[in-house]
Amino acid sequence: MLTTARLQQSLATACEQGEMCVHDRSGHQLSAIQWRLATATPSGWVDALVTAVESDGWIIVATLDGESTRLWNHADRTSSLRVGEPVSVHTRYDVFVAGETRFNVAR
């Protein structure tokens, strides 16, 4: 049986590994419900370009009307996102999509 401390350590380790995250809070794992709600409300999507990607999880995007937004995801996305890459962000459900990659972000 796992002790509370071992369980917390296990959860922290899984979250640190990015794709294995077990948390569904903003900036962590994208839940199926969150994805379904985002895809069911197409008016919430905003197209943008990546302007910066930082190893601590911060991603800065500029919408096509020039507005800059800072978003955070618990994983280091520096190897999967490139400056100038087109992306979409769902403004209500905080879903980030770049090509075939989709994840949850916090504002």
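Reckoned from all heavy atoms, side chains included, excluding hydrogens, waters and symmetry mates.
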Exercise. Taking the side chain as every heavy atom from C-beta outward, state whether Leu71 and Arg107 have any atom pair closer than 4.5 Å.
Key: yes
Quiz prompt | Main-chain N/O of Val53 paired to Thr78 side chain as donor or acceptor, under 3.5 Å | solution = no
Practice problem: Evaluate the side-chain proximity of His90 to Thr39: yes if any heavy-atom separation is below 4.5 Å, no if none is. | Solution: no
Quiz prompt | Nearest heavy atoms of Leu49 and Gly84, plus distance in Å | solution = CD2-O, 3.6 Å
Quiz item: Cationic tip of Arg77 within the cone over Phe96's six-membered ring, i.e. under 6.0 Å and within 45° of the normal?
Solution: no
Exercise. Could you tell me whether a side-chain N or O of Asn73 sits under 3.5 Å from a main-chain N or O of Asn104, the two making a donor and an acceptor?
Key: yes
Practice problem: Hey, could you give me the OG1/CZ distance between Thr51 and Arg70, rounded to the nearest 0.5 Å? | Solution: 10.0 Å
Quiz prompt | Thr69 side chain reached by Val89 side chain, heavy atoms, under 4.5 Å | solution = no
Quiz item: Minimum heavy-atom separation for Glu85 to Ser80, with atom names?
Solution: OE1-O, 3.9 Å
Practice problem: Test Val46 against every option in Val87, Thr63, Leu64 by the side chain to side chain contact (heavy atoms under 4.5 Å, CB included) rule and name the one that passes. | Solution: Thr63
Quiz item: For the hydrophobic clusters of this structure (ILVMFWY residues joined by side-chain heavy atoms under 4.5 Å, transitively), does one cluster hold both Phe103 and Tyr93?
Solution: no
Quiz item: Out of curiosity, does Leu37 fall in the hydrophobic cluster containing Val105 (side-chain heavy atoms, cut-off under 4.5 Å, transitive links)?
Solution: no
Quiz prompt | Heavy-atom donor-acceptor pair, Trp58 side chain to Ala52 backbone, under 3.5 Å | solution = no
Quiz item: Measuring from Thr101:OG1 to Leu30:CG, what's the distance to the nearest 0.5 Å?
Solution: 11.5 Å
Quiz item: Are Trp72 and Ile59 linked, directly or through other ILVMFWY residues, by side chains that come within less than 4.5 angstrom of each other?
Solution: no
Exercise. Could you tell me which non-hydrogen atom of Ala38 sits nearest to which non-hydrogen atom of Val95, and how far apart they are?
Key: CB-CG2, 3.8 Å
Exercise. Return the minimal non-hydrogen interatomic distance between Trp45 and Ser88, and the atom names on each side.
Key: CE3-CB, 3.8 Å
